[in-house]
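Let me begin by presenting the structure, written as structure tokens, before commenting on it.
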Amino acid sequence: MRGDSGPLVIEYGDYECPYCAKTDRMLAELPIVRVFRHFPVPSKHPRARPLALAAEAAGLQERFWEMHDSLFGDQGHLDDPHLWERAREFGLDLERFQADRRLTELDERVTRHFRSGVRAGVMSTPTLFVDGEAWPGVPKPELLERLRG
């Protein structure tokens, strides 16, 4: 969870999705509380699940949001050597990061996120939920105004 005041926004996304990256930049400017849920779409984005696992592994060392921001901030460099470089930049224990990316617990977490999205009606990324209402796609002006309060 990121943010400590404002409306709660649950965001389903995929780190290879360019629309998710755009949405991420838009949400970063708003006074909201964000919860990110992984919704990897491997048929379109084959690295989406490994990237979700990398973000979760960074989270085990208290660096989820740093990894999250960097993955969306530079989608042209998402292969493993670039992940390790990011992990170094964030001061992560690299051996632990590498091992944690393969943890069954994290794989199950990503699967739970995906399944919760399917149950909630997510069909594409990004999809945001505000007050229980689904907003698929890049946020439209009326949603942004609503979130600004």
Side-chain angles (χ1 to χ4, degrees), residues 1-92 97 100-101 105-149:
M1 189 164 13
R2 174 183 261 178
D4 55 10
S5 64
L8 174 65
V9 176
I10 300 173
E11 170 187 6
Y12 283 89
D14 169 333
Y15 288 117
E16 280 191 290
C17 167
Y19 303 108
C20 294
K22 181 176 182 176
T23 296
D24 187 72
R25 288 188 300 275
M26 296 167 86
L27 294 178
E29 300 173 8
L30 298 172
I32 60 174
V33 176
R34 291 172 65 185
V35 174
F36 187 80
R37 296 287 179 250
H38 302 287
F39 200 82
V41 183
S43 60
K44 288 185 183 179
H45 305 127
R47 297 246 338 126
R49 188 171 192 87
L51 295 170
L53 293 168
E56 289 296 328
L60 292 178
Q61 296 185 52
E62 306 299 323
R63 295 287 184 259
F64 173 83
W65 287 106
E66 291 89 338
M67 184 64 77
H68 169 94
D69 292 344
S70 74
L71 293 172
F72 278 141
D74 186 5
Q75 288 184 310
H77 298 96
L78 297 176
D79 54 345
D80 278 353
H82 292 101
L83 291 180
W84 294 322
E85 183 56 36
R86 288 175 167 108
R88 265 194 285 293
E89 288 174 17
F90 304 143
L92 300 182
F97 174 72
D100 288 350
R101 289 173 54 200
E105 166 192 343
L106 297 187
D107 190 59
E108 289 171 351
R109 180 180 301 159
V110 171
T111 297
R112 279 193 312 273
H113 285 191
F114 183 83
R115 287 181 179 158
S116 74
V118 170
R119 282 191 306 273
V122 174
M123 305 272 288
S124 62
T125 59
T127 295
L128 308 178
F129 285 85
V130 179
D131 295 327
E133 183 179 356
W135 294 80
V138 175
K140 299 190 178 16
E142 63 265 22
L143 177 60
L144 296 174
E145 281 304 313
R146 178 176 165 187
L147 294 173
R148 282 189 190 98

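One is the number of the first residue; the rest follow in order along the sequence. Values reported hereafter were calculated over all heavy atoms of this structure, with side chains retained and with hydrogens, waters and symmetry mates removed. Fair warning: this is a prediction, and the values are worked out from it, not measured in the lab.
Residues meeting the salt bridge (Lys or Arg N to Asp or Glu O under 4.0 Å) test with Glu142, sequence neighbours left out: none. By the side chain to side chain contact (heavy atoms under 4.5 Å, CB included) test, Phe114 is found to be paired with Phe39, Pro40, Val118, residues two or more places apart in sequence or in another chain being considered. Under the rule for a side chain to side chain contact (heavy atoms under 4.5 Å, CB included), the partners of Glu145 that lie at least two apart in sequence or sit in another chain are Arg148. Lys22 pairs by the side chain to side chain contact (heavy atoms under 4.5 Å, CB included) definition with Arg25, Met26, Val138, not counting sequence neighbours. The salt bridge (Lys or Arg N to Asp or Glu O under 4.0 Å) test applied to Asp79 returns no partner, not counting sequence neighbours. Scored by the side chain to side chain contact (heavy atoms under 4.5 Å, CB included) test, Asp4 finds no partners at all (sequence neighbours excluded). Taking the side-chain hydrogen bond (donor to acceptor under 3.5 Å, both in side chains) definition, one finds that Trp65 meets it with nothing, sequence neighbours left out. Residues satisfying the salt bridge (Lys or Arg N to Asp or Glu O under 4.0 Å) test with Glu89, not counting sequence neighbours, are none. Here Arg2 pairs with Asp69 under the salt bridge (Lys or Arg N to Asp or Glu O under 4.0 Å) rule; sequence neighbours left out.
Inter-residue side-chain proximity for Pro136 and Met123 is flagged as unmet; no heavy-atom pair is nearer than 4.5 Å. The shortest distance between side-chain heavy atoms of Ser5 and Val33 does not fall below 4.5 Å. Looking at heavy atoms from C-beta onward, Ser70 lies in side-chain contact with Phe90 at the 4.5 angstrom threshold. Looking at Leu27 and Leu128, their side chains come closer than 4.5 Å, going by heavy atoms from C-beta outward. Contact check for Val35 versus Val9: no side-chain heavy atoms found under the 4.5 Å cut-off. At a threshold of 4.5 Å between non-hydrogen side-chain atoms, the residues Leu83 and Leu78 do not count as touching. Counting only heavy atoms from C-beta outward, the side chains of Leu60 and Leu106 approach each other to under 4.5 Å. Annotation: side chain of Glu66 is not in contact with side chain of Gln61 (no heavy-atom distance under 4.5 Å).
Here the closest non-hydrogen pair linking Ala57 and Asp100 is CB-CB, 3.8 Å. Nearest heavy atom pair, residue Cys17 against residue Gln75, reads O-NE2, 3.1 Å. Residues Glu56 and Arg109 come closest through the heavy atom pair OE1-NH1, 2.6 Å. Residues Cys20 and Thr125 share a closest heavy-atom pair of SG-CB, 3.4 Å. The nearest pair of heavy atoms linking Phe64 to Ala55 is CD1-O, 3.3 Å. When all heavy atoms are compared, the tightest approach of Ala58 to Met67 is CB-CB, 3.7 Å.
Rounding to the nearest 0.5 Å gives a distance of 11.5 Å between CD of Glu85 and CG of Asp74. Atom-to-atom distance recorded for Arg63:CZ and Phe97:CZ is 13.0 Å, nearest 0.5 angstrom. Rounding to the nearest 0.5 Å gives a distance of 9.0 Å between CH2 of Trp84 and CZ of Arg88. Met1 CE to Leu8 CG: the interatomic distance, rounded to the nearest 0.5 Å, is 7.5 Å.
Residue-environment remark: CD (Glu133) exceeds the threshold of 12 foreign heavy atoms within 6.0 Å.
Residue pairs meeting the salt bridge (Lys or Arg N to Asp or Glu O under 4.0 Å) criterion with at least one partner in residues 111-122, sequence neighbours excluded, do not occur; the list is empty. Listed by first and then second residue, the salt bridge (Lys or Arg N to Asp or Glu O under 4.0 Å) pairs involving residues 30-47 are Glu11-Arg34, Asp24-Arg34, Arg47-Asp80 (not counting sequence neighbours). Pairs engaging residues 14-35 under the ring-ring contact (aromatic ring centres under 6.0 Å, His included) rule: Tyr15-Phe36, Tyr15-His38, Tyr15-His68, Tyr15-Phe72 [sequence neighbours left out].
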Residues Arg49, Asp107; criterion side chain to side chain contact (heavy atoms under 4.5 Å, CB included); working and verdict: CA-CA 9 Å; Arg49 188 171 192 87; Asp107 190 59; 2.9 Å; yes
Test log, rule side chain to side chain contact (heavy atoms under 4.5 Å, CB included), inputs Leu71 and Arg86: CA-CA 9 Å; Leu71 293 172; Arg86 288 175 167 108; 4.1 Å; yes
